[in-house]
A.B. asks: 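One structure, as C-alpha cells, below. Some questions next.
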Amino acid sequence: MAAQAEHVFPDGTITSLAEVGFDEDDWGVGVSGVVENPSPFPRVNRLRNWFLDEQPWTLDAERALLVTEAYQKHENEPQVIKVAQALAHVLRNVSLEITENQLLLGNGAAPPKACAIFPEFSYEWIATELQEMPIRERPHNIYDYDDETQNMLLGIADYWKGKTLSDSMLGRLSADEMKGDFMGIMLYSTSLYHVAGVGHLVPDFDTVLKNGFAGLKQRVESFLGAIQDNDPESEEKRTFYRAQLISLEAASDYIRRYGRLALDQAATATGARREELLQMAGNCAWIADNPPQNFWQALQLVHFVWSLIVIESNGHSVSVGRLDQTLLSYFEADLASGTASREFMQELIECYAVLSSCFMKLRDWMTTQANSGRSLGGMTLTLGGVHADGTDASNELSGMFLNMVAHTRMGTPWTAVRLHEDTAEWFTRKTAKAMRMGTGEPKIFSDRVIIPAMQNRGISEEDARNYAIVGCVEMSVPGREYGWHDSSYFSIARVLELALNDGYALGREELGRLGPSTGQLEDFSSFGDVESAYEEQMKYWVEMHACSTDVMDNVHRELKPLPYLSLLIEGCTESGRDVNTGAAPYNFTGPQGSGVGTVADSLAVIKQLVFEEKKVSARELQGALKANWEGHEALYHLVNSDKVHQYGNDDDYADELARYATDVYCDEVEGRPNPRGGVYQPGVYTVSANVPFGWVQAATPDGRKATEPLSDCLGPVHTCVASHDRKGPTAVIRSAAKLNQERMSNGTLLNLRFCPSSLSGESGVDNLIALEKAYFKKGQHMQLNVIGRELLEDAYRHPEKYRGLMVRVAGYSALWCELDDGLRKDIMNRTEMSFD
Amino acid sequence: MDTYDPETAGTVFNIQRFSVHDGPGIRTVVFIKGCSLRCIWCSNPESMSRREQVGVFPDRCIGVDKCDACLKAAPDPSVLTVEDGRVTGLKNKNSRDGLACAAVCPTNALKAWGWRTTVAEVMQEVTADREFYEESGGGLTLSGGEALIQSEFAIELLKAARAEGINTCIETALNYPTETLDAALPFIDLAFCDLKHMDPAAHKRFTGVSNKRILRNLRKVVESGIPVVIRIPVVPKHNGTEENLRATARFLADELEGRVNQVQLLPFYKMGVEKYASLGKAYPMNHFNAPPREEWEADIRDFAEMMCSFGVHAVAGTAHRIGA
C-alpha cells in the first residue's frame, strides 16, 4: 500500500508541493523529478524553470577560437607556456553574462547551457559531425548553433589537423594496442581520455580559501625565487612557475571582470536586485585576490576555483569534494555573527546547484548514444563521512545539502553520502529519505569498506579518511591525488568470448586471431581448461589495454600540461613539476571491469550444463552462440531459466564464479606500474558501458543475444526474456558482497531499483537503512532508482510529460527524456525489486 | 534452548525474501501450502490444496517442435494435451507425471506449485538473510494458505527459528482446533490474524466456514499476550461495508478490550486470474466490477478513521510501524 506512490500517477505533472503532501521530513517516495517548483525559494524555482524551459542548449565557438588564436601566437613557446597563454587569452576575452535571479557567478567559458569546445584535445570528429551528421539535427541530445558558428568552427579545423592529443595518440599506438580498443573490436575502450581531459579529482580548496589567489601567487613567487642556478632543472622549473603565474593572474582578472559586469548591471537595476548585484560585485572584487570573509564569498570562490579547472582541462568529474566540511567554518561564523541566516545560506546552496547545472559538454554521437545526457557530468559533492580522527563528520550543513538535492532535483551536483557505523542517525534517515524520492541522488558509500581499500593502495589512514567521490563511483584524496579514474572500460565478457573461441572474436573471424591461441570450448576436457584459457586471455588483454592507456598518459603529459590545476594539487608547485608528470602524492590509473554477471552466468552454464550434467555439448552451445540462439530455442530458454545457477540469487555456485571472474581481472590489473610513478588499480562497474559493449558482442552463453547489453555494474544478468535474479534485493546484495571488493579500490557499484511501495512509510526508511547497513559490511557503493515500472512505461510512451524526471542510469543520473531509446529500454527491463 | 526436528517435512509454495509488509523489518515469508478456507476473493488459488500441483500456462510454451522436454520426461506423455503444437493441458494436476514435466520445462509453461521440503532446508534459506533481520528487527513470517495447516511442520519451523534467535510472525486465519494454536503460541512473537467478516452466515457464504471457532481462537491469541495485528481484506460489497467494519470495530473494542496492536485494512485487487486458469479453475470474482482505485482507497481511509473512533488503531495498508 503506497500512500505516497499514488501521487506519482495523476494525468498531468504535479504542480505544487502541497498536492503531494510535501514536507521537509518526507519528500515522498518515487516522486522523482515530476514535482514542479520543489524549492521553498521562489528564486530557485524561477531559476530551475528557466533552466528547464527557457534557456536553449547550444554550441559556442568562442573558447575554441580564442584557444586557436593563442596557440598560433605562442606557437614556438614551451608547451606549458602555450597552454597557460591559451587559458589566459580565454579568461581575458570570453564573453561573460549574469543570469537573472542568480546570486552566484561564473559560467564555463560559454553561455549557460552552452558547450565550450576544446579543440586541443580532439577535433576531427567535431568537424566531421558538423558536416556529416549535424549536431543540431540529432534525434536527441541536440545542441543548437547558427551557420556563422558552424563556419567559424570549421574554419579552424585545418589548423588543428595533426596537433591534437587524439591525433598524437593515433600516431603512436601500435596495431596490437589498437585491435582491442574502441577503434578495433572494443574489448576495452580508452575513448574517454583519448578525446578529452582526465579530470576525476578534487582540488585543494582549503589552501585557496585560506590564502586567496594572492596567497597562491606569493607561494609560486617564493618557489621561483628559491631556484638555485646550479639546479639542472632550473630552466624547466622557471618555465613552469611562469606558466602558473600567467594562469593565476588571468584567473584574478577573470573574477574581477565578473565583478565589473555586476557593477555595470547594478547601475540599471532597481530595488533588491540592485543590492544583490552590488553585493555580488563586491564579492568578486574581494575574492579575486583575497581570502573570503563569509559563506557567500567562500561558496563563490569554490565555484570559480572549480570552474577554472573545467575551462583549463576539459576533464569530467572534476569534483568539489566535502563541501559540508570545507564551508562549515564560514557557515558557523556567519550564523554566530548574524551575517547571514540559515535560510539565506540554503538559498545560496540551491542557486549553486542551478549554476553548476549550466555546464555542458559536447560528446560525439557514438558516446552520446551510450552515455547520454548533455550536462558536463561527474561534478560530485561528498557529504558526511569521518574526520581525520575517525569520528562522525556529519553536521547541519550536510543536511542542508541534502535539502538542496530535494529542492532542486536537477541531477547536478552529483551527490554522494559517506556512511559508517557511527553516522548520526538523523543524517542516515535524511539520506534514506532523499534516496527514496527516486532522483538517483544521493548515492551512498561505505567508509568501513572504502577506507581500508584505499589504505591497501598505500594511502595513509588520515588521507583515506578524507576521501571524496569523483564522478560516478571513484574515490579520491582531495588535493593530493591524480587518479586517472575511469581510464578505460574493459569487458571481461569479451575476454571470455575469446577464451572459448581460440583467441578469435565470435562473428569477426575475418579479423584473424586477435588474442593468444588458447583452444576452442569443444577441445576442452574439463572446466579447468576453460579457466586456464580465460586466465591466459585476461593476462594478454589487460597488458594490451595498459600499453594503450600508457600511451595516452604520455601524450597528456607532453601536450596538455595543466599549470592552473597544478596550483591546487599538493606536490606540484613544491617540486616545480606539472600534475601530469606524477608530482602528486598519489597517482593511479583506474580501469573498470565490465560484465561480471554475464561472465558468471556464462561460466555457470558451461560448468553445469556442459561439464557436470552433460545436457548440452560444447559443440551445440558454440553453434547456438554463432546462430544467435536461432534454432536453439529450448536451450535458449533453459539458460535463461531458474534451472541453471545464476548470479544474484545468493547461490554460492554462481557467486563463486563471479568472484573467480573478477579475481582473475584484478590479479592482472592490480599493482601494474603506470607512467606517473603510481600503479593501476581495478574497479568493477560499467556505468553505462554495458550498453555499447553489448552492441558489439555476439551472443553469450548466459542467454544474452547479440547486441543486448552486458550485465550492469555488479548487478545480475537481465536479458530480453528474463531477469536472472529472482530472490529480491537481499539475495542480490549477498551475492555482490561475496566479491572481493576490498581489492577493487577504483570503485564498485550496485544498482537496485525499487518500486515506491516497498520503501513507503517510516518502516520503508527503516528497511532501506537496514539494507544499506547489511551491504556496507562488505560492499562499497549502492544506488537506488525508486520508480514504478508503470511510471517508466508511461514515461517511455510520453516522454514529454516527464521532462523533469531524473533517473539513475548507472553511476550517473540523467533526464529521462535525454536518454537514448536503447538505454531507456535497458533501465525499464532491470528487475523491479518489489514485493507488496 | 528449544529443540526441533530438522527432518520434519512439509509442502511450501513460495519462500519470499525481502518481504517488508509482513511484520517488523525485513523478513522472509515462507508460504505453507493448504488452506481450510475458500474465500471467494482469494488471489492465490495455488495455496488452497495441501498437495503439490502443476499449473499450465499455454502462452509460455514455445512449441513442441522446438522443445519436447516435457514429452520426454513424462512417464506417460498422454497426460499432456497438445494443441496447435503447444502444451495446453495436463490431465491430473498433481500427478507424478505433471511434476516430472514441470521439473524440465524451461519456460515454466508447466509450473510446479509447491514442493516438498524439510525444516532444515527451509531454515537454510531463512538464515541467509540473518544480517538483514538483525539490522531491521525482521525475521521469519509463516504464511500460506494457512500458516498452521501443516501444523507439525509449521511448529517445528517456528521452534527452529527460535533456536536460531530469529523473530517469528505468523499470518493465520485461525480456523483450526484450539490445541494447534496452544502448541504454536509459545513460539510466536507476533500474529497477523485475518478477520474476514463478523456475521457468521456471511462468513460462511464468503469463505466456506463459520467464524465461531475463529473468533474463539482470536480471543485466545489476544489473551496469550503476544502482539496481534488484525488484517481485513476490504472487498467492496462483500465485507467492505460500513456495517461490517463497524461491527468489527465494536467487537475489537468491546469484546477484546482494544487489546490488538493494529488493524490493517487492505485494499482488494482483482488478482490471480491467470493462476486460476492454470489450475483449470474459474475465477470466482470474475464478474465483480471494482470501483475506481482512488475512490476505493479513499473509502478505506475513511473506514480506518471510523474504526479509530471506537478506540482501535486501524490503518490503511501495511506500511505503518506496528506499535507495541
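These numbers were taken from a predicted model, which means no experiment stands behind them. Letters A, B, ... are given to chains in the order of the sequence lines, protein chains preceding strands, and every chain is numbered from 1. Hydrogens, waters and symmetry mates play no part in the numbers below; they use all other heavy atoms, side chains included.
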A.B. asks: Is B:E134 in contact with chain A via its backbone, its side chain, both, or neither, using a 4.5 Å heavy-atom distance?
C.D. replies: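 The answer is neither part of B:E134.
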
A.B. asks: Please determine, among B:D68, B:I62, B:T28, the option with the most heavy-atom pairs under 4.5 Å with chain A.
C.D. replies: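 Maximum pair count with chain A is reached by B:I62.
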
A.B. asks: Looking at A:E772, A:K777, A:K643, which one has more heavy-atom pairs under 4.5 Å with chain B than the rest?
C.D. replies: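 Maximum pair count with chain B is reached by A:K643.
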
A.B. asks: Describe, in one word, how the ring planes of B:F31 and B:F13 are oriented to each other, choosing from parallel (under 30°), tilted (30 to 60°) and perpendicular (over 60°).
C.D. replies: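 The arrangement is tilted - the two ring planes meet at 30° to 60°.
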
A.B. asks: Highest number of heavy-atom pairs under 4.5 Å with chain B: which of A:R734, A:K773, A:E633?
C.D. replies: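 Most heavy-atom pairs under 4.5 Å with chain B: A:R734.
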
A.B. asks: Relative to chain B, which of A:G631, A:A731, A:A722 shows the most heavy atom pairs under 4.5 Å?
C.D. replies: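 Highest number of heavy-atom pairs under 4.5 Å: A:A731.
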
A.B. asks: Given heavy-atom pairs under 4.5 angstrom as the criterion, report whether the side chain, backbone, both or neither of B:A103 touches chain A.
C.D. replies: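 Backbone only.
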
A.B. asks: Under a 3.5 Å cutoff, is there a donor and acceptor pairing between the side chains of B:S19 and B:Q16?
C.D. replies: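 Looking only at side-chain atoms, B:Q16 and B:S19 do form a donor-acceptor pair, the distance falling under 3.5 Å.
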
A.B. asks: Is A:I769 in contact with chain B via its backbone, its side chain, both, or neither, using a 4.5 Å heavy-atom distance?
C.D. replies: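 For A:I769, there is no contact with chain B at all, as no heavy atom is under 4.5 Å.
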
A.B. asks: Minimum heavy-atom separation for B:C193 and B:V228, please, with both atom names.
C.D. replies: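 Taking every non-hydrogen atom into account, SG-CG1, 4.1 Å.
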
A.B. asks: Please flag which part of B:V104 lies under 4.5 Å from any non-hydrogen atom of chain A: side chain, backbone, both or neither.
C.D. replies: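 The backbone, not the side chain.
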
A.B. asks: Verify whether one side chain among B:D22 and B:T141 offers a donor that lies under 3.5 Å from an acceptor in the other.
C.D. replies: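 Judged by distance alone, the side chains do not pair up.
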
A.B. asks: Specify which of A:L638, A:D650, A:I733, A:L635 makes the most heavy-atom pairs with chain B at under 4.5 Å.
C.D. replies: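 It is A:D650.
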
A.B. asks: Name the region of A:D642, side chain, backbone, both or neither, that has any atom closer than 4.5 Å to a heavy atom of chain B.
C.D. replies: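 The side chain, not the backbone.
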
A.B. asks: Looking at B:F57, does the NZ or CZ of B:K275 lie under 6.0 angstrom from its six-membered ring centre and within 45 degrees of the ring axis?
C.D. replies: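 No - B:K275 does not lie over the ring of B:F57 by the 6.0 Å and 45° rule.
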
A.B. asks: In terms of the angle between their ring planes, are A:F445 and A:H781 parallel, tilted or perpendicular, with boundaries placed at 30° and 60°?
C.D. replies: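 Answer is parallel, since the angle falls under 30°.
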
A.B. asks: Are the side chains of A:E708 and A:T719 in touch, meaning some heavy atoms are under 4.5 Å apart?
C.D. replies: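 Answer yes - side chains close enough.
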
